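For clarity, every value in this text was computed on a predicted model and none was experimentally measured.
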Amino acid sequence: MFAYIQIIDQKSGVNYGYVSFKFSNHNLYISALKGIVNTDKITVPISEITNVDEDTYYGWNRIKFNYNGKRFIFLYSGYGEFDYLKENMLEAVMD
């Protein structure tokens, strides 16, 4: 799946760009595609995710969560990615 992501770190600022992501082995894997996400790959253990929130931002669906002192924000305009992330995120966090 693909999404636009913002990663807010109080120490180093905001990174953003397009990423691909998938869920596997109780982890969320995020890989940079284009933009200013300053790392090629991020592995997020589902069990360490906190403060999951869902809302809309100027008509775009948005899912936010905290991990490792950073705020991750996924933005979507459609195409099923939002539902995929939401279903897997909520299911994994509730386990």
Notebook entry, point to check: Are Trp60 and Tyr16 joined in one hydrophobic group, where the rule is that I, L, V, M, F, W and Y side chains link up if heavy atoms are under 4.5 Å apart?
Noted result: yes
Next item on the list: Could you check Asp55, Asn51, Leu75 and say which one makes a side chain to side chain contact (heavy atoms under 4.5 Å, CB included) with Lys64?
Entry: Asp55
Check: In chain order, what residues pass the ring pair (Phe, Tyr, Trp, His ring centres under 6.0 Å) check against Tyr4, with sequence neighbours excluded?
Finding: Tyr18
Notebook entry, point to check: How about Gln10 and Ile8: do any of their side-chain heavy atoms sit closer than 4.5 Å?
Noted result: yes
Item checked: 4.5 Å side-chain heavy-atom contact, Leu28 and Phe65 -> yes
Margin query: Can you tell me how far apart NZ (Lys70) and CD (Gln6) are? Round to the nearest 0.5 Å.
Written below: 14.5 Å
Notebook entry, point to check: Do Phe21 and Phe74 have ring centres separated by under 6.0 Å?
Noted result: yes
Check: Rounded to the nearest 0.5 Å, what separation is found between the CZ atom of Arg71 and the OG1 atom of Thr50?
Finding: 8.0 Å
Item checked: Contact summary for Arg62 and Thr56, nearest pair of heavy atoms -> NH2-O, 4.2 Å
Next item on the list: Can you measure from NE2 (His26) to CD1 (Ile46) and round to the nearest 0.5 angstrom?
Entry: 9.5 Å
Note to self: Has Asp9 got a side-chain atom pairing as donor or acceptor with Lys11's backbone, closer than 3.5 angstrom?
What the structure shows: yes
Item checked: Atom pair CD1 (Ile42) and CG (Asn15), whose distance is rounded to the nearest 0.5 Å -> 8.0 Å
Notebook entry, point to check: With hydrophobic residues grouped by side-chain heavy-atom distances under 4.5 Å, do Val52 and Ile30 end up in a single group?
Noted result: yes
Item checked: Heavy-atom check, side chain of Tyr67 versus side chain of Pro45, under 4.5 Å -> yes
Item checked: Close side-chain approach of Ile49 to Asn66, heavy-atom, < 4.5 Å -> no
Check: CG/Asn27 to OG/Ser47 distance, rounded to the nearest 0.5 angstrom?
Finding: 8.0 Å
Margin query: Once rounded to the nearest 0.5 Å, what's the spacing between atom OH of Tyr57 and atom CD1 of Ile73?
Written below: 9.0 Å
